[in-house]
Amino acid sequence: MLRIYNSMSEKKEDFVPLNGKNVGIYACGMTVYDKPHIGHARKEVAIDLIVNYLKYSGFSVTYVRNFTDIDDKIIARANERGIDFRALTEENIEAFYKAMDALGLARPDIEPKATAHIGEIISMVQKLIDKGFAYPTSDGSVYFAVEKFKGYGKLSGRKLDEMISGTRFDVEESKQNPLDFALWKASKPGEPKWESPWGEGRPGWHIECSAMSTKYLGESFDIHAGGRDLIFPHHENEIAQAECATGKPFAKYWVHNGFLTVEGEKMSKSLHNFITVEDALKQYHPEVLRYFMLSTHYRTPIDFSMANLKDTEKKICYFYNTLKTLNQFAAKAAKPVRNEKAAEFINEFKEAMDDDFNSARVVAALFNLFKHLNEVLVSKKTRPTPDECAGFAEAIKEVGSVLGVLLRDSDEITNEIKEIQIVRYGISKDEIEEIINKRKAFRAEKNFEMADKMREELLEKGISIQDTPNGTEWSFN
RNA sequence: GGCACCUUAGCCAAGAGGUAAGGCAGAGGUCUGCAAAAUCUCCAUCUCCGGUUCGAAUCCGGAAGGUGCCUCCA
């Protein structure tokens with residue numbers, strides 16, 4: 001039985017979809033005013049994992065993720081750069097795809113954009129006005145009246161009167177209550193605008209998600225996801241808009257991923273620790289990045305540091321090394337056979353994932369399996385049959401396809417990782433091979449003293465070598 | 001001020017009231033010309049103080065430290 005932590009109830013609940021095996025999931029996508037950063041990547045990896053596992057568990061999933069392609073920051077950024085806001089958002093959507101594709105993330109089934117749903121947004125706003133939950137102001141904006149919705153604050157655990165007393169921002173005079181938020185914003189001269197019953201303007205932030213999620217998934221749907229920071233006000237406001245407009249409960253399960261910090265601090269422009277996915281991928285292989293994110297449970301805060309990534313890189317190499325050996329034996333298989341150990345591994349995987357998608361526990365299961373494989377593959381006496389080896393390979397692929405790792409050819413990915421390391425360490429391949437060849441010559445004439453000297457030379461550059469039956473291989477420490 | 005969250009070995013990181021998964025680093029074996037890789041063995045009573053319980057890292061109360069949100073944020 002799959003259990004999911006629901007931010008609404010603040011505990012793990014049995015996952016029972018509204019419509020049998022059909023699951024609707026909406027994840028707040030990015031506001032495309034800039035390139036995606038590694039915090040976005042974490043969120044996307046988490047959702048990808050969840051969607052993959054739901055499918056793996058036999059659910060038929062409709063996954064919707066929006067692009068918010070109109071808002072204050074977008075307008076500001078476009079003005080700064082002196083380009084049309086559409087040019088800016090298109091550019092960043094492209095960057096988003098590039099980054100997420102590199103990380104091996106599946107595209108959602110539906111990817112609605114706010115600007116393509118102005119009609120739906122306007123009609124939802126109108127409905128809210130008609131029902132008395134919203135009011136237009138003299139300047140042509142429309143606000144949601146938070147006091148009218150008695151459930152306001154139920155997701156974030158806040159009470160209206162407490163929030164009002166804690167208000168620190170300037171109160172706009174046209175608002176009836178300082179916490180009222182804009183559903184529709186009157187446009188200022190020169191700003192992007194759409195016709196509406198209240199004059200020319202644009203949607204407020206929040207409303208696009210209510211309008212688009214209910215359009216594609218129905219008035220009530222199963223899972224709504226996003227980063228922790230969206231709980232308030234974004235998701236709280238989405239609930240208010242949707243439930244008041246439809247009169248029905250909105251999302252059943254609220255899933256929020258934990259934040260990512262960089263070297264212990266929140267990413268921010270002022271701290272100069274803002275890392276885009278693009279930059280991170282120059283330093284580390286996408287699979288390393290992905291595995292790094294999966295080795296911490298999605299709700300736990302994760303600290304991004306180069307030291308942590310280096311550890312992760314080692315682990316990925318370890319897995320693929322073993323996989324290479326395994327596949328050599330599996331190559332002779334007639335038909336994959338899943339032995340007890342392989343079955344046990346799959347069970348551990350399911351148990352961990354059923355427990356609120358606990359990929360960190362899966363990591364432990366992976367290590368236990370690989371340790372076993374290394375132990376057993378090394379000698380003829382203990383080695384599983386080729387069919388069993390193929391069974392292991394198959395089981396690993398099964399798990400890997402949910403996690404999005406360990407699906408590649410060992411040699412291929414090892415080389416890719418090496419290429420990245422070479423750039424990172426600023427060492428040339430020829431230089432390394434030259435020293436290795438020198439050492440080889442010394443070894444041939446049994447001049448071990450000089451041979452060891454060559455090895456030390458490499459060690460100083462951060463490279464260790466392994467003498468194998470197939471010759472000398474090298475890797476970064 | 002309000003609301004959330006976090007605190008597990010040198011580091012990273014799971015822990016569903018029943019007596020601490022896993023990884024890195026470290027120590028010691030096996031293997032090796034020597035190494036490396038791989039493997040084996042060893043390595044924590046869970047920030048603190050109370051309480052509930054036969055029994056708590058896990059529940060309750062309090063304290064300390066940290067983080068996030070309350071204005072844009074995955």
Discussion item. Suppose we define a pair by two distances each less than 3.5 Å, Watson-Crick or G-U wobble; what does B:A4 pair with here?
Written reply: B:U67

Response to the item:
Taking a pair to mean Watson-Crick or G-U wobble geometry with both distances below 3.5 Å, B:C42 pairs with B:G26

Fill in: Base paired to B:G33 (Watson-Crick or G-U; both N/O distances under 3.5 angstrom)
none

Discussion item. Please determine whether any donor N or O and acceptor N or O are separated by less than 3.5 Å between the side chain of A:Arg455 and the base of B:C34.
Written reply: yes

Worksheet item: Near RNA chain B, which residues from residues 364-379 of chain A have a heavy atom under 4.0 Å away?
Response: A:Ala364, A:Phe367, A:Asn368, A:Lys371, A:Asn374, A:Glu375

Worksheet entry | Nearest to side-chain heavy atoms of A:Thr31, which nucleotide of B:A35, B:A74, B:C70 | B:A74

All N/O contacts under 3.5 Å from nucleotides 56-59 of chain B to the protein, with atom names and distances to one decimal?
none

Short N/O separations, protein against nucleotides 29-31 of chain B, under 3.5 angstrom:
none

Worksheet item: Among all residues two or more places apart in sequence or in another chain, which pass the side chain to side chain donor-acceptor pair (under 3.5 Å) test with A:Tyr284?
Response: none

Practice prompt. Using the P atom on both, measure B:G15 against B:A21 and round to a whole Å.
Written response: 13 Å

Fill in: C1' spacing across the pair B:C6 / B:A57, given as an integer number of angstrom
14 Å

Worksheet entry | P gap between B:C46 and B:G28, integer Å | 29 Å

Worksheet entry | Distance-only donor-acceptor test, A:Asp452 side-chain atoms vs B:G33 base atoms, 3.5 Å | yes

Worksheet entry | Distance between C1' atoms of B:C43 and B:C11 (Å, rounded) | 14 Å

Worksheet item: If we take the C1' atom in both B:A63 and B:G22, what is their distance in whole Å?
Response: 33 Å

Discussion item. A:His285: which residues meet the ring-ring contact (aromatic ring centres under 6.0 Å, His included) condition with it, sequence neighbours left out?
Written reply: none

Worksheet item: What parts of residues 312-321 of chain A reach RNA chain B, counting only heavy atoms under 4.0 Å away?
Response: A:Lys314, A:Lys315, A:Tyr318

